Amino acid sequence: MIKTDPYLHGLQVQDCLVVESTMEQIHFDGCLFQNVDFDNCTFTNMDLLDCRFENCELSNCKFWEGAMHRLEFHHCRMMGCDFSGSVLANISFLHNNARYANFSAAKIKHTRFQDMNLAMSSFNQCEFTHVEFDACLLQEAEFINTPLHGVDFSSSNIEGITVNSEHLKGVIVSQEQALSLARLLGLVIKE
């Protein structure tokens with residue numbers, strides 16, 4: 001069904017396994033994916049609008065250069081998920097395990113990452129507009145060449161993150177995080 005119709009509206013996919021699927025230039029509108037295991041799937045230039053992924057296995061899936069608007073990813077396993085070069089707008093990521101996820105070169109707007117494991121993830125060369133990280137694990141995540149003005153990390157664990165000093169201006173951090181970032185910048189702090 002997916003291969004024959006490039007526009008799918010109101011589709012509900014539940015309790016199934018999708019194995020090694022490659023989908024290009026497909027538009028999903030108002031679809032629900034619940035308890036779906038996407039095994040080694042690649043989605044290129046895909047449009048996703050008003051969709052919800054709930055309790056899905058998305059580890060190592062590739063969402064390359066897609067356009068995603070008004071999506072919800074809740075309680076999903078997304079380890080190594082790749083959103084490279086995609087546009088993500090008005091997205092809710094809630095209670096997901098996305099260790100090693102790759103968001104490099106993505107444009108991320110009005111998006112909230114809440115209570116997520118994003119350790120060792122890559123946000124290199126991203127464009128952020130109104131992006132929130134609330135109670136996230138961001139240990140050793142990379143934000144290279146990504147301006148962080150207005151991004152609030154104060155409730156998240158940012159231990160060991162990699163950033164460019166010139167892109168830290170305007171980032172919001174706790175006092176403890178400020179000391180850690182000062183050391184990252186090469187400052188020697190006397191106690």
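Quick caveat, the model's predicted, so the values are computed rather than measured.
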Distance in Å, [X] [atom1] paired with [Y] [atom2], rounded so as to fall on 0.5 Å steps:
X: Gln25; Y: Asn45; atom1: CD; atom2: CG; value: 5.5 Å
X: Met79; Y: Cys61; atom1: CE; atom2: SG; value: 13.0 Å
X: Asn97; Y: Leu118; atom1: CG; atom2: CG; value: 9.0 Å
X: Cys41; Y: Met23; atom1: SG; atom2: CE; value: 5.5 Å
X: Tyr100; Y: Asn117; atom1: OH; atom2: CG; value: 9.0 Å
X: Asn96; Y: His74; atom1: CG; atom2: NE2; value: 7.5 Å

Would you call the rings of [X] and [Y] parallel, tilted or perpendicular if under 30° counts as parallel and over 60° as perpendicular?
X: Phe113; Y: Phe93; answer: parallel
X: Phe73; Y: Phe53; answer: parallel
X: Phe28; Y: Phe33; answer: perpendicular

message: Taking ring pair (Phe, Tyr, Trp, His ring centres under 6.0 Å) as the definition, give me every residue that meets it alongside His110, ordered by chain and number, with sequence neighbours left out.
response: His130
- prompt: What residue pairs, at least two apart or across chains, pass salt bridge (charged side-chain N to carboxylate O under 4.0 Å, His left out) with a residue in residues 21-42?
  reply: none
- request: Any salt bridge (charged side-chain N to carboxylate O under 4.0 Å, His left out) involving residues 146-170? Give me the pairs, sequence neighbours left out, ordered by first then second residue.
  value: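 Listed by first then second residue: nothing to list.
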Pairing residues for [X] by the side chain to side chain contact (heavy atoms under 4.5 Å, CB included) criterion, not counting sequence neighbours:
X: Thr129; value: Lys109
X: Ala67; value: Asp47, His69
X: His95; value: His75, Asp115
X: Ala101; value: Ala98, Phe103, Ser121

Is [Y] reachable from [X] through a run of hydrophobic residues whose side-chain heavy atoms are each under 4.5 Å from the next?
X: Leu11; Y: Val18; value: yes
X: Leu168; Y: Val151; value: yes
X: Ile161; Y: Leu137; value: no
X: Trp64; Y: Leu58; value: no
X: Met46; Y: Leu8; value: yes

My understanding is that only residues two or more places apart in sequence, or in another chain, count here; which of them pass salt bridge (charged side-chain N to carboxylate O under 4.0 Å, His left out) with [X]?
X: Arg52; result: Glu54, Glu72
X: Glu132; result: Arg112
X: Glu65; result: none

Considering all heavy atoms, the nearest [X]-[Y] contact:
X: Ser154; Y: Val173; value: CB-C, 4.0 Å
X: Leu71; Y: Leu49; value: CD2-N, 4.2 Å
X: Ala105; Y: Cys126; value: N-SG, 4.2 Å
X: Ser156; Y: Leu138; value: CB-CD1, 4.1 Å
X: Asp50; Y: Arg70; value: OD1-NE, 2.6 Å
X: Cys76; Y: Asn55; value: SG-N, 3.9 Å

Is there a side-chain contact between [X] and [Y], using heavy atoms and a 4.5 Å cut-off?
X: Ser86; Y: Met68; answer: yes
X: Ile144; Y: Asn164; answer: yes
X: Phe63; Y: Leu48; answer: yes
X: Phe43; Y: Ile26; answer: no

message: Please enumerate all residues that pass side-chain hydrogen bond (donor to acceptor under 3.5 Å, both in side chains) together with Ser59, with sequence neighbours excluded.
response: Glu57
task: Evaluate the criterion side chain to side chain donor-acceptor pair (under 3.5 Å) for residue pair Thr42 and Thr22; output intermediate values, then yes/no.
output: CA-CA 5 Å; Thr42 300; Thr22 300; 4.7 Å; no
message: When you measure from the side chain of Ser122 to the backbone of Asn102, do you find a donor-acceptor pair of N or O atoms at a distance under 3.5 Å?
response: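 No: the side chain of Ser122 does not pair with the backbone of Asn102.
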- request: May I have all residue pairs that pass side chain to side chain donor-acceptor pair (under 3.5 Å) and include part of residues 135-150, sequence neighbours excluded?
  value: Asn124-Glu142
message: So that I can tick it off, tell me whether Asp82 and Lys62 are bridged by a salt bridge, with the cut-off set at under 4.0 angstrom between side-chain N and carboxylate O.
response: no
message: My understanding is that only one of Phe83, Phe153, Phe133 makes a ring pair (Phe, Tyr, Trp, His ring centres under 6.0 Å) with Phe123; could you say which?
response: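 Output: one option passes, namely Phe133.
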